[in-house]
Amino acid sequence: MSFLEVRDLSVSYGGIRALRDISLRVEEGEIVALLGSNGAGKTTTLRAISGLAPYSGSVVFDGNDLRKCSPDQIVRLGLGHAPEGRRVFTRMTVRENLALGAYTVRSNSEIERRLAFVIEAFPRLEERLSQSAGTLSGGEQQMLAIGRALMSSPRLLMLDEPSLGLAPIIVQTIFSVIRSLNANGTTILLVEQNAQQALRIAHRGYVLETGEMRFEDTGAALLENPAVAEAYLGVTPA
Amino acid sequence: MIYAYFLVAIAVVVVAQRLPDLRAKRGLFLLLGVALLCAPLFDRNDSTFNVLADAGIFVLLALGLNIVVGFAGLLDLGYAAFFAIGAYTYAMMASPQFNLHLPFWLLLFLAAAFAAVFGIILGAPTLRLRGDYLAIVTLGFGEIVPQIFQNLTKYTGGPNGIGALDFPSLFGRSFGQNTIPYYYVVLALIALALFFAYNLRDSRLGRAWMAIREDELAARHMGINTTAVKLAAFALGASFSGLAGVVFAAKLSLVSPDLFQFQVSVLIVSMLVLGGMGNIPGVIVGALVLVLVNNVVLPQANTIAAGAGLHVDFGNYHFFIYGAILVGIMLFRPEGLLPSRQRKEELHHAAA
């Protein structure tokens with residue numbers, strides 16, 4: 001049994017099938033990229049795993065059947081989710097945002113330890129701790145969104161389009177942090193439209209197309225795959 | 001003279017809000033508390049304390065509704081229903097109605113608990129609703145509760161309500177017709193409510209409320225059980241008005257359905273909007289200002305007008321006056337007189 005095992009996952013929104021029997025797995029220690037164009041069902045997949053969208057099929061995380069869990073229990077099991085569009089609490093300070101990220105953590109010393117860890121990963125946040133999150137730049141808000149998800153000590157971190165709308169240089173920073181988080185033992189499920197970048201750091205990848213799973217391979221192989229290249233990497237085959 | 005009480009209380013709260021030092025802040029509140037405690041020793045005017053006790057009841061209501069609307073962001077337009085439930089709890093259990101004469105102090109707790117249970121009963125079906133939709137359902141609840149009290153004539157006395165309620169007593173001494181003991185009870189309850197309101201705000205639950213107020217989906221991503229947290233807001237908010245209802249009923253020695261109409265809910269929401277939703281000192285100021293207008297300024301205006309040979313009842317214009325105040329606030333200071341930091345930012349960002 002894999003660390004995260006998704007089997008025959010289907011999601012419908014008001015009669016429209018957003019996902020059709022997709023399956024994927026994430027092994028402990030991996031970075032797995034979930035790619036696809038707009039509306040392919042990437043965000044829906046993450047939302048279903050987090051218990052935020054009703055679905056049929058099965059999702060098992062570390063031996064726990066997530067169908068039987070409420071969203072808050074899922075967070076407690078060690079599944080962190082930085083949502084699409086960052087959704088930081090703009091009227092709260094950076095520190096308050098991070099404190100909410102640790103909502104499921106009871107011990108203050110553990111919260112302090114997590115805070116130190118997040119600040120080490122994103123030093124930019126330290127000088128902004130008492131600033132309200134709405135005044136941060138897009139890149140800083142993304143750092144905060146990831147940092148906030150890290151505050152719950154997730155064993156599997158799901159990131160929904162962390163590069164969206166960011167300057168290339170900031171995207172580089174974000175991706176290098178993702179890689180170092182992974183090197184420090186956090187398993188990562190990464191949803192991206194920026195397929196090139198994502199596949200370069202991913203061990204394995206999946207490609208969704210209009211709610212169905214199209215390709216599944218190692219990151220390197222998907223980068224080489226002409227069909228994937230044509231559809232998602234903006235490269236025409238030679 | 002009565003103006004002096006209101007103005008001093010408002011001034012102290014405003015100044016305390018501005019003080020950066022937490023200890024100075026607490027000191028100032030404590031000083032105000034002591035002054036209010038000693039006031040009846042120097043001022044023998046019973047009607048002053050009658051008005052102040054009423055003002056205190058509304059401060060309690062505003063503090064309670066602030067938990068639901070201000071902290072958790074759940075717009076409740078039927079809050080007077082819980083006030084009614086508190087008042088009728090006392091009326092039915094401490095009067096000749098059923099020949100039950102339970103002690104006032106026990107009923108304070110019972111009414112708070114009943115109101116909390118009804119808070120959950122209202123909250124449970126509305127959990128999926130937000131904003132306008134929630135407001136409409138709570139408005140309906142606020143209409144239904146007084147209707148039920150009106151129509152269950154056999155138990156509640158119908159439109160006439162229940163009268164001749166027991167006077168509370170403490171250490172064997174009845175409160176009787178004096179207003180001073182009620183004034184003290186109200187002060188004590190406000191102290192209790194402030195203690196709970198501040199501690200709740202700074203608790204884990206308080207942070208969860210603010211998170212769902214800002215972004216419910218993001219709050220769920222944080223692992224917040226939004227169902228439980230919202231129900232807690234409804235229950236705790238309602239319990240404050242249960243307490244207020246008991247004192248209100250006991251002091252008046254009467255309850256009737258028309259005391260808890262929609263306008264009472266509107267009045268309490270107006271207090272929050274005027275004072276600054278979500279900010280404890282703000283809602284206290286909002287409550288004091290509106291009670292001052294309603295219970296002091298308007299009756300005096302009547303007297304003055306009558307003296308000038310005009311027969312106007314300014315009381316009939318109170319909705320017009322709230323409306324004008326609210327429109328003014330929305331135009332010039334949408335965050336309220338004493339806003340919380342978040343609220344201020346929210347509106348200033350919206351403007352930017």
J.: What's the separation between atom CZ in B:R220 and atom OG in A:S50, rounded to the nearest 0.5 Å?
T.: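 Output value for this atom pair is 10.0 Å.
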J.: Taking salt bridge (Lys or Arg N to Asp or Glu O under 4.0 Å) as the test, write out the residues that go with B:D202, two or more places apart.
T.: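 Once residues adjacent in sequence are excluded, B:D202 has no partner under the salt bridge (Lys or Arg N to Asp or Glu O under 4.0 Å) criterion.
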J.: Using side chain to side chain contact (heavy atoms under 4.5 Å, CB included) as the criterion, point out the one residue from A:L52, A:D72, A:V75, A:D160 that pairs with B:H221.
T.: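 When A:L52, A:D72, A:V75, A:D160 are each tested with B:H221, the side chain to side chain contact (heavy atoms under 4.5 Å, CB included) holds only for A:L52.
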J.: Taking atom CZ of B:F109 as the centre, report whether more than 12 heavy atoms of other residues, nucleotides or ligands fall under 6.0 Å from it.
T.: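 No, the 6.0 Å shell around CZ holds no more than 12 heavy atoms from other groups.
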J.: Are the side chains of B:M222 and A:F89 in touch, meaning some heavy atoms are under 4.5 Å apart?
T.: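 They are in side-chain contact.
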J.: Which residues pass the side-chain contact (heavy atoms from CB on, under 4.5 Å) test with A:L136, sequence neighbours left out?
T.: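 Counting only residues at least two positions away or on another chain, A:L136 forms a side-chain contact (heavy atoms from CB on, under 4.5 Å) with A:V94, A:R128, A:Q131, A:E140, A:Q141, A:L144.
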J.: Counting heavy atoms not belonging to B:F196, are there more than 12 under 6.0 Å from its CZ?
T.: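 No, the 6.0 Å shell around CZ holds no more than 12 heavy atoms from other groups.
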J.: Can you establish whether the number of heavy atoms outside A:E126 located under 6.0 Å from its atom CD is more than 12?
T.: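 Incorrect, the count does not exceed 12.
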J.: Would you name the heavy atoms of A:L100 and B:A211 that are closest together and state the gap between them?
T.: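 Answer, listing the atom of A:L100 first, then B:A211: CD1-CB, 3.6 Å.
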J.: State whether A:Y103 and B:R207 meet the cation-pi test: NZ (Lys) or CZ (Arg) under 6.0 Å from the six-membered ring centroid, and within 45° of the perpendicular axis.
T.: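 Judged by the rule, B:R207 and A:Y103 form no cation-pi pair.
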J.: Answer yes or no: are there more than 12 heavy-atom neighbours, outside A:R155 itself, under 6.0 Å from its atom CZ?
T.: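 More than 12 heavy atoms, drawn from other residues, nucleotides or ligands, come within 6.0 Å of this atom.
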J.: Does any backbone or side-chain atom of A:A99 lie under 4.5 Å from a heavy atom of chain B? Answer side chain, backbone, both or neither.
T.: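 Both parts, backbone and side chain.
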J.: Do you know which of A:R148, A:R76, A:R86 has the most heavy-atom pairs with chain B at a distance under 4.5 angstrom?
T.: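 Winner by heavy-atom pair count: A:R148.
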J.: Run the side-chain contact (heavy atoms from CB on, under 4.5 Å) test on B:L217 and A:R47 for me, step by step, so that the C-alpha distance in whole Å, both residues' side-chain angles and the decisive distance to 0.1 Å come before the verdict.
T.: CA-CA 11 Å; B:L217 183 65; A:R47 286 176 52 85; 3.5 Å; yes
J.: Please state whether the side chain, the backbone, both or neither of A:S70 comes within less than 4.5 Å of a heavy atom of chain B.
T.: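 No part of it gets close to chain B.
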J.: Rounded at 0.5 Å granularity, tell me how far CE in B:M210 sits from CE in A:M92.
T.: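 Interatomic distance, B:M210 CE to A:M92 CE, rounded to 0.5 Å: 7.5 Å.
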J.: Can you tell me if B:F118 has over 12 outside heavy atoms packed within less than 6.0 Å of its CZ?
T.: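 No.
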J.: Does A:R7, at its CZ atom, have more than 12 non-hydrogen atoms belonging to other residues, nucleotides or ligands within less than 6.0 Å?
T.: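 Counting neighbours around CZ of A:R7, 12 or fewer heavy atoms of other residues, nucleotides or ligands fall under 6.0 Å, so no.
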J.: Can you tell me if OH on B:Y133 sees more than 12 non-hydrogen neighbours from other groups inside 6.0 Å?
T.: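 12 or below, so no.
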J.: Please enumerate all residues that pass salt bridge (Lys or Arg N to Asp or Glu O under 4.0 Å) together with A:R67, with sequence neighbours excluded.
T.: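 Checked A:R67 against salt bridge (Lys or Arg N to Asp or Glu O under 4.0 Å); zero matches.
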J.: For chain A, which residues from residues 59-68 of chain B have at least one heavy atom closer than 4.5 Å to it?
T.: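 Counting heavy atoms that sit under 4.5 Å from chain A, no residue of residues 59-68 of chain B is involved.
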